[in-house]
There are 2 protein chains.
Amino acid sequence: MNSEAMRLTLRMTKALADIQRVRILMMMGAGELCVCQVIEVLTLAPSTVSKHLSILTAAGLLDSRKAGRWMYYRLPEGSAGEWVRPVLKWLGEMLKNEPVVVQDAKKMKMVVACDPQSLCRRQRRGE
Amino acid sequence: MNSEAMRLTLRMTKALADIQRVRILMMMGAGELCVCQVIEVLTLAPSTVSKHLSILTAAGLLDSRKAGRWMYYRLPEGSAGEWVRPVLKWLGEMLKNEPVVVQDAKKMKMVVACDPQSLCRRQRRGE
DNA sequence: GCTATGATTCGCCACATAACGAATTAATAA
DNA sequence: TTATTAATTCGTTATGTGGCGAATCATAGC
């Protein structure tokens, strides 16, 4: 840890200090998700969700992968997530019975069931 | 954990999302401190420091004790700090070599050396 | 090339928050 | 009681942040 430590730490804690971003992290426990899937669960504007995802990524709390037009986000694996995992574990234990989180998980199941393509099409038509 | 969990969690993460409050938490590792000592190290207005301390306390990250005119703050002990300790440990490891934190610790030694009474008197006269 | 489309960036607005000094509170000391 | 004093609360200001829609970017498909 060098003099960047504080900057990095605050980037993380600030990233965690928002309910939508916490909800996203909890959702990601189930595996990687594309942006439109996160939009569907949070029911926020695409631009808003994209911003949240970029903040989480900049904080090292998410990794991303581009596949064609789709962007997939997931929890960081391996050594990349060493500093992150304890935080996520702590969050998970704090929130495992939180209604919002449980509800999001349920909605996630529905969303993962239909493929992203048809999901985005529905979104374009306005739900 | 009930439906309050998210509120509590966000109160904690928001409390951690500020550099002055992180500095305060790191300082408290050395033991309980009165407000004027924290003021001395952070070199911020008393009202500002008081606010930070109240935010940390409301988040469960600090306990307080009143002794005469002095108010002492410390890290929560025993079962009260069960959810807090892992976070503080994580913070401590992230920041143990952070210049600001090291410098604060050094200043703390000087501050603890002189008694609070004379410290506050000096502050009143404007450093 | 052109169009369609998933995602991001930009500009804006409303609201939250950190900082200060002044006023207030609570407790000691005169 | 009155004055002093450590801390807090209040009011104000400047800055930061979350939200949206419009515009833009990047890739797939025609």
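Computed from heavy atoms alone, side chains included, the values below leave out hydrogens, waters and symmetry copies. Quick caveat, the model's predicted, so the values are computed rather than measured. Quick note on labels: first sequence line is chain A, next is B, and so on, each numbered from 1.
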| note | With A:I24 as partner, the option from A:V41, A:L61, A:L53 fulfilling side-chain contact (heavy atoms from CB on, under 4.5 Å) is A:L53
| note | Residues at least two apart in sequence or cross-chain that pass side chain to side chain donor-acceptor pair (under 3.5 Å) with A:E32, listed by chain then number, are A:R65
| request: Determine whether A:M12 and A:I19 fall in the same hydrophobic cluster, where Ile, Leu, Val, Met, Phe, Trp and Tyr are linked whenever their side-chain heavy atoms lie under 4.5 Å apart. | output: yes
| message | Measuring to OP1 and OP2 of D:dT8, would you say a side-chain N or O of B:Y73 lies under 4.0 angstrom away? | response | yes
| message | The criterion is side chain to side chain donor-acceptor pair (under 3.5 Å); which residues satisfy it with A:D104, sequence neighbours excluded? | response | A:R23
| request: Enter the distance from A:I39:CD1 to A:C34:SG here, rounded to the nearest 0.5 Å. | output: 8.0 Å
| task | Figure out the CZ/P separation between B:R65 and D:dA6, and round it to whole Å. | result | 17 Å
| field | Donor-acceptor contact present, side-chain B:T48 to main-chain B:L44, <3.5 Å | value | no
| task | Tell me, please, which residues at least two apart from A:R21 pass side chain to side chain donor-acceptor pair (under 3.5 Å). | result | A:H52
Report all interatomic pairs (protein N or O, nucleotide N or O of nucleotides 16-19 of chain D) with separations under 3.5 Å.
| from | atom 1 | to | atom 2 | distance (Å) |
| --- | --- | --- | --- | --- |
| D:dG18 | OP1 | A:R21 | NH1 | 3.0 |
| D:dG18 | OP1 | A:R21 | NH2 | 2.7 |
| D:dG19 | OP1 | A:Q20 | NE2 | 3.1 |
| D:dG19 | OP2 | A:H52 | NE2 | 2.3 |

| query | Side chain of A:S50: nearest nucleotide among C:dA7, C:dT8, D:dT8? | reply | C:dT8
| task | Round to the nearest Å and state the distance from A:E40 atom CD to C:dG6 atom P. | result | 13 Å
| query | Atom CG of B:L33 and atom P of D:dA6: how far apart are they, to the nearest Å? | reply | 17 Å
| task | To the nearest Å, give me how far apart CG (B:L56) and P (C:dA18) are. | result | 10 Å
| field | Atom pair distance, as rounded to whole Å: CG in B:L42 and C1' in C:dC20 | value | 15 Å
Contact list (N/O, under 3.5 angstrom) for nucleotides 25-30 of chain D vs protein:
| from | atom 1 | to | atom 2 | distance (Å) |
| --- | --- | --- | --- | --- |
| D:dA28 | O4' | A:R69 | NE | 3.4 |

| Which of these, A:L91, A:L95, A:L25, sits in a side-chain contact (heavy atoms from CB on, under 4.5 Å) with A:V101? | A:L95
| task | Starting from P on C:dA16, measure out to CZ on B:R11 and report it in whole angstrom. | result | 16 Å
| message | Give me each pair satisfying salt bridge (charged side-chain N to carboxylate O under 4.0 Å, His left out) with a member in residues 74-84 of chain A, each pair once, sequence neighbours excluded. | response | A:R74-A:E77
